[in-house]
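Before any comments, here is the structure.
Remember, it's 1-based here, ligands and their atoms both numbered in the order they're listed. Atom set for the values below is all heavy atoms of this structure, side chains included, hydrogens, waters and symmetry mates excluded.
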Amino acid sequence: MNPSDIVALQKEYVLPTYAPEKLLVRGKGVHVWDGDGRRYLDFTSGISVCNLGHCHPAVTEAIQQQAATLVHVSNLFMNELQPQLAAAIARHSFNGRVFFGNSGAEANEGMIKFARKFGHDRGRYEIICMEGSFHGRTLATLAATARAKYREGFEPNMPGFTFVPFNDVDKLAAAVTDKTVAILIEPVQGEGGVTPATHQFLATARALCDQHNLLLLFDEVQCGMARTGRMFAYQHHGIEPDAMSMAKALGNGYPIGAFTVQRKHEAVLGVGKHASTFGGTPLACAAALAVFTTMDSLDLLTHVQKLGERFRGGLVGLAGKYPVITDVRGLGLMLGVETSVPIAPAVTHAADHGLLVLSAGDNVLRLLPPLVVEEEDVDTAIHLLDQALGALA
Ligand code: PLP
């Protein structure tokens with residue numbers, strides 16, 4: 001089928017909840033190709049999903065092999081791969097126990113249910129969330145998401161979520177009430193503008209949770225899986241959560257989400273308390289196991305730290321050149337460039353010249369390259385961003 005026929009089908013049959021402009025048909029490593037055969041350097045990674053690059057051979061092979069062995073049996077039966085993946089998650093984070101789902105929203109939804117159950121008998125159910133947060137589009141995760149616009153038209157909102165300014169320790173401490181059960185934080189906010197939590201903020205949240213017997217919940221859906229130069233972003237701080245969600249890059253594009261809870265909380269969700277038909281299928285777990293194995297074998301964390309520094313250095317250089325750039329921030333290869341003017345024209349300019357990038361809100365350029373980028377890819381991106389940001393000035 002030719003590209004224009006595909007576009008016509010999209011317009012006629014797919015609900016218009018998105019407004020995609022490009023048709024992408026193939027990917028390899030840091031590149032994707034459109035329907036006309038044009039190649040792009042992809043600094044979106046499918047929104048921090050293809051962290052190992054497109055169609056990484058180890059992940060592709062694991063999926064192919066498992067697809068010919070056993071795809072799905074449901075959680076009424078054990079499969080060989082789910083416990084191995086849970087153990088891999090424990091090895092790469094804290095020694096917890098894991099529930100598997102299929103997406104970031106589903107992982108967070110489960111984590112929210114975990115918190116409600118934890119506080120239930122004490123009448124505690126409120127979760128303190130952050131301004132600038134994004135946790136998903138299901139009803140509970142939407143209620144935990146700061147941007148009111150996303151909730152418009154879907155009221156009444158699910159009760160039990162309050163908001164404080166991100167990184168404001170005093171407001172956080174003041175927000176704890178006798179109804180509070182948990183504090184929910186993205187260690188680096190993604191959609192909210194690529195903003196890292198401060199060490200002091202995370203330490204305060206941990207101390208408040210310890211003091212009041214609350215749960216500290218981290219959403220690592222976007223910032224996890226080596227994106228920031230640590231397997232999970234909280235590891236920059238040495239401050240452990242009571243539970244943590246992950247998804248996106250866990251399967252490098254194969255849908256899988258999960259949340260893991262500290263062992264001391266393993267009894268909170270007992271038999272029959274939560275479920276998901278497709279959670280942790282052999283196929284999804286095979287993909288995710290290949291992701292962990294590959295990340296370990298590549299020594300990816302060191303690579304991310306090194307390339308992240310190079311990329312940040314280039315962006316800081318552009319900030320010196322263009323006064324419209326008001327901030328360069330982020331961690332590892334999760335970088336944001338804030339501008340005093342709307343960023344959309346720069347995103348379009350970059351795409352027109354072969355570089356795919358994202359925005360976060362109206363005035364932050366969000367850069368999420370595959371973690372396997374090489375120096376020349378970063379330098380090409382800086383060159384193209386120089387032109388794109390120059391066109392804004
Ligand atoms: N949490 C964070 C921090 C996210 O960035 C996202 C998606 O962008 C989600 C949750 C929701 O994940 P999903 O779109 O897989 O439901």
If the plane angle is over 60° it's perpendicular, under 30° parallel, otherwise tilted; pick one for Phe218 and Tyr234. tilted

Can you check whether a protein heavy atom sits less than 4.0 angstrom from atom 14 (O) of ligand 1? no

Does ligand 1 have any atom that is closer than 4.0 Å to a heavy atom of Arg137? no

Can you label the angle between the Phe166 ring and the Phe201 ring as parallel, tilted or perpendicular, going by 30° and 60°? perpendicular

Numbered in order shown, the ligand 1 atoms found under 4.0 Å of a heavy atom of Glu191 are 8 (O)

Tell me which protein heavy atom sits closest to atom 4 (C) of ligand 1, plus the residue, atom name and distance to 0.1 Å. Phe134 CD2, 3.7 Å

Element-labelled atoms of ligand 1 that are located less than 4.0 Å from some non-hydrogen atom of Gln222: 5 (O), 8 (O)

If the cut-off is 4.0 Å to any non-hydrogen atom of Glu186, which atoms of ligand 1 fall inside it? 3 (C)

Test your reading of the structure: does Asp219 have an N or O sitting under 3.5 Å from an N or O of ligand 1? yes

Taking 4.0 angstrom as the limit and counting only heavy atoms of Asn108, give me the atoms of ligand 1 inside it, by number and element. 1 (N), 10 (C)

Kindly write out the residues that satisfy ring-ring contact (aromatic ring centres under 6.0 Å, His included) with Phe118, not counting sequence neighbours, or none if the list is empty. His265

Checking Arg227, Met334, Met246, Glu186 against Gln222 for side-chain contact (heavy atoms from CB on, under 4.5 Å), the one that qualifies is Met334

Between the main-chain N or O of Tyr150 and the side-chain N or O of Arg137, is there a donor-acceptor pair closer than 3.5 Å? no

Check this for me - ligand 1, Ala105, N or O atoms closer than 3.5 angstrom, yes or no? yes

Ligand 1 N/O within reach of Gly104 N/O, cut-off under 3.5 Å: yes

Pair Arg38 + Asp36: basic N to acidic O under 4.0 Å: no

Centre-to-centre under 6.0 Å for Phe278 and His72, is that the case here? yes

Quick note on ligand 1: atoms under 4.0 Å from a heavy atom of Lys248 include exactly 5 (O), 6 (C), 7 (C), 8 (O)

In terms of atom number and element, which parts of ligand 1 are under 4.0 angstrom from non-hydrogen atoms of Ser103? 15 (O), 16 (O)

Establish, yes or no, whether the cationic atom of Arg147 lies under 6.0 Å from the six-membered ring centre of Phe134 and within 45° of the ring axis. no

